Protein chains: 2
Amino acid sequence: MSHQKIRNMEEFATLSGISRPTVSKYFNDPESVRPSTRDRIETALKEFDYRPNIYAINQNRRLTKNIGIVVPYLADPFFAEIARVLERRCIAAGFTPSLFSSHGEQGLESAILDNLRSLKPAGVLLAPLGRASDRKHIEDFCRDVPTILFDSNIEGVGAAFVGSDNFSFVSQTVEYLSRTGKVPCFFEMKDPANPNANKRRHAYLEMMRRLNLESHLVKIDGVGWGFEEIGRQGALKILREGSLPTNTVLCSNDRLAIGFLSACHELGISVGRDEECAIHVASHDDHPYSRFTCPSLTTAAHDYEAVADHAVETLFQLIEAGGKLETREETLFAARLIMRGSA
Amino acid sequence: MSHQKIRNMEEFATLSGISRPTVSKYFNDPESVRPSTRDRIETALKEFDYRPNIYAINQNRRLTKNIGIVVPYLADPFFAEIARVLERRCIAAGFTPSLFSSHGEQGLESAILDNLRSLKPAGVLLAPLGRASDRKHIEDFCRDVPTILFDSNIEGVGAAFVGSDNFSFVSQTVEYLSRTGKVPCFFEMKDPANPNANKRRHAYLEMMRRLNLESHLVKIDGVGWGFEEIGRQGALKILREGSLPTNTVLCSNDRLAIGFLSACHELGISVGRDEECAIHVASHDDHPYSRFTCPSLTTAAHDYEAVADHAVETLFQLIEAGGKLETREETLFAARLIMRGSA
DNA sequence: TTCATTTATTTACGCGCGTTAAATTTATAT
DNA sequence: ATATAAATTTAACGCGCGTAAATAAATGAA
């Protein structure tokens, strides 16, 4: 490998013995040039290791090969995990993903979208904050940039939505609990940031109605994205008051459940599947840590891969279609019940 | 706000009644133009909402205002948390951070650095994979791009290193445990990916020597970044064999400890600070979840803010100094002991 | 008012690449 | 060998902005 510094495509083209427009063509699509030409370029590429200036490239493209991935809260391993899968898929398809976290803040989410706009991305995969989002801001963004929403839906916004079927989550947990003789109350934040939480509450109420069971909502205080601490504080309060309506608690999500378990342990309350345990706990999401809680969490798992795959696939379709799809489809994937030690 | 589309700086300059070079000057540094001029530009900015084309800007800069942040494993909330702080600091200083995760893979880490190179970043904050890193690749990168290493040191590589003082971590936990009458064995991976793990082992051995206590290393199998599962499997094996040398376990890091606690619960072994508990567990890092484990983890906390602040500050110095610092400083921050329920 | 100083304008070039049209070469099929 | 199609070359323009030099205007102190 020669360590000669190459300034631009012109120089590289000369060194490889190919004209610049052909070299340019090669970089846009290696298959678009004759194999013999491709070989000569790739040979030169190995010798001189030149990379086209990404800024010059993108200046002349209406759209870049960038894909923006925006999640509401990256410190939540659930989002880190799904972002990881999304990144891989994008790279595999020849795109350059860039990852952003709104860190639970509306202002940051809006700022990220503003910046993203000037990155001229081919497309964006956006998991909005939810209730905290500036809906109009996101709408405006989606009008200009091909965007797929995931995880958290905003009705009518974006070219499509891909997420999990909240009813599937809750119906399976409720059904399982009641089948094993446990009558769950529903443990959730009073003002959930995420629309999925509302869907889960409705699913719980509906399921209890169908099963002819009395439903109980346990709503706890707290704002923000520190769900574990919110769950813990809420649980401490409820448990100390002795106001838990049933001995089976179905948490809206695993992070609240992690807090709930922590509170139980602190108060010396036994949690587990067995009859002799004081409380049974189940939850939703199959958070990466839910298998390591004590006891391990019975929960309903997202189909990470399916959600990520379908979101990316839909985005690619959207990009190929030039940024508009016929109809705005909402695709929901079913949950898978994971029976562990907590209920 | 007029919704007239503005194509370029020329148009915007005309509309704002200022010449283009002056407008350009304004965008590079608003303070560099007369206040009256600034006002006129900012008034126009509100009316027409124009943003300079970032690609055209960067093409003409030798260095951009980008800062790369690279962490080894973003699904680890520890890194997500520190990345969050780093991002904020960069934004506050007028830079544009972009976040990358190596996802525990050497190939990906190298690829990220290659891409980063062509982003012409003003600087990079890099937490290497550690043992799994391609040292030469990173060295080459650091020669070309102003880089500060953090979290995990590679001797002599990068312009500076900022991290935590592993001896401080271990000395405090060991000292605390022994002071309360507990003699810890050290629980760790056989082949730790991270150099900090080695430093911690040495610190443990040194501390035990100083305290005139017999030291015991418990080395468990496992590779990769799924530390919780590795810790859990390792603990199950050791506990089932009954080969735990002491009833006090000092884990190399919190994620292993989380796995350890999970195994204990599974086997019905009580863990806690009290004498009547079968096992006492302490650890290091103050992982975001360590306060929610059952029991909550006694651990030594990183000074996240200090590490992040100092890393960013050092990077800014490096950038201002033109990419070279007099000497390669290694700054280590002391740990803070967090006493919780587990030991 | 005058002169020095700061700030803005005008003009012009360059950055590295996408892209196009016309000319030319090369490959493929007859 | 010849016609046709496909690929490449040549030449040239444009993208949006940074930047430099020369000039003009505004400011501010004497």
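So you know, we letter chains A, B, ... as the sequences are listed, proteins then strands, and number each from 1. Predicted model, so just to flag it, every value in this text is computed and none were measured.
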Check: Between Thr37(B) and dT7(C), is there a side-chain N or O to OP1/OP2 distance below 4.0 Å?
Finding: no

Note to self: It should be established whether Ser19(A) places a side-chain nitrogen or oxygen under 4.0 Å from OP1 or OP2 of nucleotide dT9(D).
What the structure shows: yes

Next item on the list: For a side-chain contact (heavy atoms from CB on, under 4.5 Å) with Leu116(B), tell me which candidate from Val70(B), Ile67(B), Val145(B) qualifies.
Entry: Val70(B)

Note to self: For a quick check, with a 4.0 angstrom heavy-atom cut-off, what is the B/S/- contact string for nucleotides 14-26 of chain D, read 5' to 3'?
What the structure shows: BBBBBBB-----S

Checklist line | Euclidean distance, atom CD1 of residue Ile18(A) to atom P of dT26(C) [Å, nearest integer] | finding: 12 Å

Margin query: Would you say that more than 12 heavy atoms from the other residues, nucleotides or ligands in this model lie under 6.0 Å from the CD of Glu329(A), or not?
Written below: no

Notebook entry, point to check: Sequence neighbours excluded, which residues qualify as salt bridge (Lys or Arg N to Asp or Glu O under 4.0 Å) partners of Arg51(A)?
Noted result: none

Check: Who pairs with Arg88(B) by salt bridge (Lys or Arg N to Asp or Glu O under 4.0 Å), at least two apart in sequence or on another chain?
Finding: Glu105(A)

Margin query: Just the rounded figure in Å: distance from P of dT19(C) to CG of Asp29(A).
Written below: 12 Å

Notebook entry, point to check: By a strict heavy-atom criterion of less than 4.0 Å, which residues belonging to residues 113-121 of chain B are in contact with DNA chain C?
Noted result: none

Margin query: List the residues meeting salt bridge (Lys or Arg N to Asp or Glu O under 4.0 Å) with Glu313(B), not counting sequence neighbours, and say none if there are none.
Written below: none

Check: So which one's nearest nucleotide on DNA chain C is more toward 5', Ser36(A) or Ser32(B)?
Finding: Ser32(B)

Margin query: Expressed as a whole number of angstroms, how long is the span from Ile6(A):CD1 to dC17(C):P?
Written below: 10 Å

Notebook entry, point to check: Given Phe150(A), which of Leu125(A), Thr314(A), Leu126(A) fulfils the side-chain contact (heavy atoms from CB on, under 4.5 Å) condition?
Noted result: Leu125(A)

Next item on the list: Please identify each residue that fulfils salt bridge (Lys or Arg N to Asp or Glu O under 4.0 Å) with Asp151(A), with sequence neighbours left out.
Entry: none

Notebook entry, point to check: Would Thr96(A) and Asn115(B) count as a side chain to side chain contact (heavy atoms under 4.5 Å, CB included) if you check the C-alpha gap in whole Å, the side-chain angles of each, and the deciding distance to 0.1 Å?
Noted result: CA-CA 9 Å; Thr96(A) 306; Asn115(B) 285 328; 5.6 Å; no

